[in-house]
Amino acid sequence: MAYMKEVEGKRIHDPLHEKMAKPRCKLVRGPVIVGAGPSGLAAAACLKQRDVPSLILERADCIASTWQHRAYDRLRLHLPKQFCELPLMKFPKNFPTYPTKEDFVSYLQDYANHFDIQPVFNKTVVSAEFDQICGFWRVTTTGSEKEETEYVCQWLIVATGENAEEVVPQFEGMNQFDGTIAHTSVYKSGEKYSGKSVLVVGCGNSGMEVCLDLCGNNARPSLVVRDSVHVLPQQMLGTSTFGLSMWLLNWLPTRLVDHFLLLMSRLMLGDTSRFGLNRPEIGPLELKSKSGKTPVLDVGTLAKIRTGNIKVCKAVKRLTRHAVEFVDGKVENFDAIILATGYKSNVPSWLKESDMFSNKDGLPRKPFPNGWKGEGGLYSVGFTKRGLLGTSLDARKIAEDIESLWKRSLVKKI
């Protein structure tokens, strides 16, 4: 409470104080967690298990807003459910191997209810700064009515993740294009594109799956493949490719496992370069480890490319009123463009700290598995580029670390 008095004293003597509306100030017992997605929920659950209270601040009106508001209808987890569980709670046994979007949201809601996690919704964090004098974090939010609230805490957990903001590339002539241009964050299904010629920019898992969905809705999709890409079958030898890879890595070095995956992919999928899908020079697991770039797990898109139902195009050069010109000189007409260009971290826009997080990409500077902890009580969860498995690992480490500090502070009070 002494800190709260000091903060108030600073405001009173601040020359700008009289010109600005005074934000409400709340002292938080335990850490503040920014983000109520899977990462934030996992951190809160692991802390609760260790009897450490926490408070989640969430800019949206629900948990897992990306999954609830920004995911297309046919989305499923790309990995088997056992690799996507959050700490301390398994998926229901009756869930399919690859849970649907609705299944996963239901699981997250049950998870929050089970651990009695109650985020504060409609709170957008606009600034989080460590007060060097008092040793506390000052987290400023704006609410739905533009009201300001300042939360004061000893520990801050950044759980906004790698997918906080859409990546929207800028092409020459975008303003001239008469058709619709939309990011996959607002794409729900291909129904509205029936009978239309649609260009999908981006050949990751989302781009591939959107193309497949468009085919199923009688659209005519084309796929922009700008860089090399690894396409692997989702299943190998009767089991998931990911699960098989993880098992093989227990016995073999990464490069040998990569050779095996590429051999099996060649046998099962054929030579993907024939269809304009050139593979990187290094293997899929090595590439994932070095760059975080995830291989595409094919769920039927490649068959549609092989039969010509999905056309593969080079990178976009410019847009005109009705057409797209590609870097190889080809020009084609399109009714719509869908940007499957992914997401990025938004941490640099609100966290007033540059030691732990890079201002360039908004990710921890230290590579996995050492990026979960910074200085002054700062932590991160969900930035490992290793999906929900990485999230679970970080959440457990964070809870263990904060528990020891929490108990130490309780002993001092006694």
Side-chain angles (χ1 to χ4, degrees), residues 71-72 74-84 91 95-101 103-104 184 190 200 202-216 221-312 340 342 385-389:
Y72 45 90
R74 66 168 288 147
L75 178 63
R76 288 177 175 265
L77 293 178
H78 292 120
L79 304 181
K81 59 185 178 182
Q82 65 267 30
F83 298 109
C84 301
F91 278 101
F95 272 27
T97 302
Y98 297 94
T100 65
K101 176 179 76 170
D103 290 334
F104 189 55
T184 48
V200 178
C203 61
N205 281 298
S206 294
M208 291 282 199
E209 199 161 354
V210 165
C211 279
L212 188 62
D213 187 56
L214 288 166
C215 281
S222 296
L223 178 67
V224 169
V225 180
R226 188 182 64 176
D227 301 315
S228 56
V229 58
H230 278 301
V231 181
L232 307 177
Q234 190 177 44
Q235 301 273 127
M236 282 185 185
L237 303 177
T239 188
S240 78
T241 298
F242 181 81
L244 180 60
S245 301
M246 294 302 99
W247 182 77
L248 288 172
L249 286 173
N250 290 322
W251 313 99
L252 300 172
T254 301
R255 290 197 177 184
L256 279 182
V257 178
D258 272 340
H259 283 311
F260 170 78
L261 293 177
L262 293 175
L263 175 62
M264 291 298 298
S265 296
R266 180 69 179 247
L267 292 173
M268 297 175 68
L269 303 177
D271 180 8
T272 59
S273 65
R274 290 171 48 214
F275 313 113
L277 302 171
N278 297 307
R279 294 191 180 277
E281 293 183 1
I282 62 176
L285 297 182
E286 188 178 357
L287 182 65
K288 175 68 175 174
S289 177
K290 288 183 175 180
S291 70
K293 188 175 181 180
T294 302
V296 171
L297 295 174
D298 181 54
V299 292
T301 307
L302 198 60
K304 295 293 185 181
I305 292 174
R306 190 180 289 113
T307 58
N309 294 98
I310 299 172
K311 294 173 64 176
V312 173
K385 292 190 176 181
R386 283 163 175 77
L388 294 167
L389 276 177

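Sequential numbering from 1 along the given sequence is applied to the chain's residues.
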Peer 1: Report the C-alpha distance between Leu297 and Asn205 in whole Å, list the side-chain angles of each, state the deciding distance to 0.1 Å, and finish with yes or no for side-chain contact (heavy atoms from CB on, under 4.5 Å).
Peer 2: CA-CA 7 Å; Leu297 295 174; Asn205 281 298; 4.2 Å; yes
Peer 1: Per the salt bridge (Lys or Arg N to Asp or Glu O under 4.0 Å) rule, what does the pair list look like for residues 229-249, sequence neighbours excluded?
Peer 2: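 Matches after skipping sequence neighbours: none remain.
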Peer 1: Taking Lys304's backbone N and O only, do any of them form a donor-acceptor pair with Thr307's side chain (distance below 3.5 Å, no angle check)?
Peer 2: yes
Peer 1: Please give me the minimum heavy-atom distance between Ala340 and Ser206, naming the atom from each residue.
Peer 2: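 Minimum heavy-atom contact is CB-C, 4.4 Å.
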Peer 1: Mind checking side-chain hydrogen bond (donor to acceptor under 3.5 Å, both in side chains) for Arg279 and listing every partner two or more places apart, or none if nothing turns up?
Peer 2: His230
Peer 1: Could you check whether any side-chain N or O of Ser265 sits under 3.5 Å from a backbone N or O of Leu232, counting only pairs where one atom can act as donor and the other as acceptor?
Peer 2: no
Peer 1: Test your reading of the model: is there a side-chain donor-acceptor pair from Arg76 to the backbone of Tyr98, 3.5 Å cut-off?
Peer 2: yes
Peer 1: Taking salt bridge (Lys or Arg N to Asp or Glu O under 4.0 Å) as the definition, give me every residue that meets it alongside Arg266, ordered by chain and number, with sequence neighbours left out.
Peer 2: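 So Arg266 forms no salt bridge (Lys or Arg N to Asp or Glu O under 4.0 Å) with any residue.
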Peer 1: Please list, chain by chain and in numerical order, all residues satisfying side-chain hydrogen bond (donor to acceptor under 3.5 Å, both in side chains) with Ser222, sequence neighbours excluded.
Peer 2: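 For Ser222 there are no side-chain hydrogen bond (donor to acceptor under 3.5 Å, both in side chains) partners, ignoring immediate neighbours.
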Peer 1: Evaluate Ser289 against Arg386 for side-chain contact (heavy atoms from CB on, under 4.5 Å), listing each step before the verdict.
Peer 2: CA-CA 9 Å; Ser289 177; Arg386 283 163 175 77; 4.0 Å; yes
Peer 1: Return yes if a side-chain donor-acceptor contact under 3.5 Å exists between Thr97 and Lys81, otherwise no.
Peer 2: no
Peer 1: Could you pull out all residues at least two apart from Lys311 that satisfy salt bridge (Lys or Arg N to Asp or Glu O under 4.0 Å)?
Peer 2: Glu332
Peer 1: Apply salt bridge (Lys or Arg N to Asp or Glu O under 4.0 Å) to Lys101 and list each qualifying residue two or more places apart in sequence or on a separate chain.
Peer 2: Asp73
Peer 1: Just by modelled atom types, is the Leu285 backbone N or O under 3.5 Å from a matching donor or acceptor in the Asp258 side chain?
Peer 2: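 Yes: the side chain of Asp258 pairs with the backbone of Leu285.
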Peer 1: Hey, does the side chain of Thr272 reach the backbone of Leu277 with a donor-acceptor pair shorter than 3.5 angstrom?
Peer 2: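 Yes, because the side chain of Thr272 sits within donor-acceptor range (under 3.5 Å) of the backbone of Leu277.
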Peer 1: Return the minimal non-hydrogen interatomic distance between Asp103 and Phe95, and the atom names on each side.
Peer 2: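 Smallest interatomic distance, heavy atoms only, reads O-CE2, 3.2 Å.
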Peer 1: Locate the shortest heavy-atom distance separating Val296 from Gly204; write the atom from each residue and the value.
Peer 2: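 Taking Val296 first and Gly204 second, the nearest heavy atoms are CG2-C, 3.8 Å.
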Peer 1: Could you work out, with ring pair (Phe, Tyr, Trp, His ring centres under 6.0 Å) as the rule, every residue matching Phe260, not counting sequence neighbours?
Peer 2: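 By the ring pair (Phe, Tyr, Trp, His ring centres under 6.0 Å) rule, Phe260 matches no residue at all.
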Peer 1: Among residues at least two apart in sequence or on other chains, which ones pass side-chain hydrogen bond (donor to acceptor under 3.5 Å, both in side chains) with Glu286?
Peer 2: Arg255, Lys290
Peer 1: Evaluate Val299 against Met208 for side-chain contact (heavy atoms from CB on, under 4.5 Å), listing each step before the verdict.
Peer 2: CA-CA 9 Å; Val299 292; Met208 291 282 199; over 6 Å; no
Peer 1: Do Arg74 and Leu212 make a side-chain contact, defined as non-hydrogen atoms from C-beta onward lying under 4.5 Å apart?
Peer 2: yes
Peer 1: With side-chain contact (heavy atoms from CB on, under 4.5 Å) as the test, would you mind laying out the steps for Tyr72 and Glu209 before giving the verdict?
Peer 2: CA-CA 10 Å; Tyr72 45 90; Glu209 199 161 354; 3.3 Å; yes
Peer 1: Tell me the salt bridge (Lys or Arg N to Asp or Glu O under 4.0 Å) pairs involving residues 227-247, sequence neighbours left out?
Peer 2: none
Peer 1: Which pair of non-hydrogen atoms, one from Leu223 and one from Gly202, has the smallest distance, and what is that distance?
Peer 2: CD1-O, 3.2 Å
Peer 1: If I compare all heavy atoms of Leu77 with all of Cys84, which pair ends up nearest, and what's the gap?
Peer 2: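 Closest approach of Leu77 to Cys84, heavy atoms only: CD1-CB, 3.8 Å.
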Peer 1: Once ring pair (Phe, Tyr, Trp, His ring centres under 6.0 Å) is applied, do any residues pair with Phe242, and if so which ones, sequence neighbours excluded?
Peer 2: Phe83
Peer 1: Using the side-chain contact (heavy atoms from CB on, under 4.5 Å) criterion, which residues pair with Ser291? Sequence neighbours excluded.
Peer 2: Leu287, Lys293
Peer 1: Mind checking what makes side-chain hydrogen bond (donor to acceptor under 3.5 Å, both in side chains) contact with Asn250, not counting sequence neighbours?
Peer 2: none
Peer 1: Is there a donor-acceptor pair under 3.5 Å between the side chain of Thr241 and the backbone N or O of Pro233?
Peer 2: yes
Peer 1: Do the side chains of Phe275 and Ile310 get nearer than 4.5 Å, heavy atoms only?
Peer 2: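 They are not in side-chain contact.
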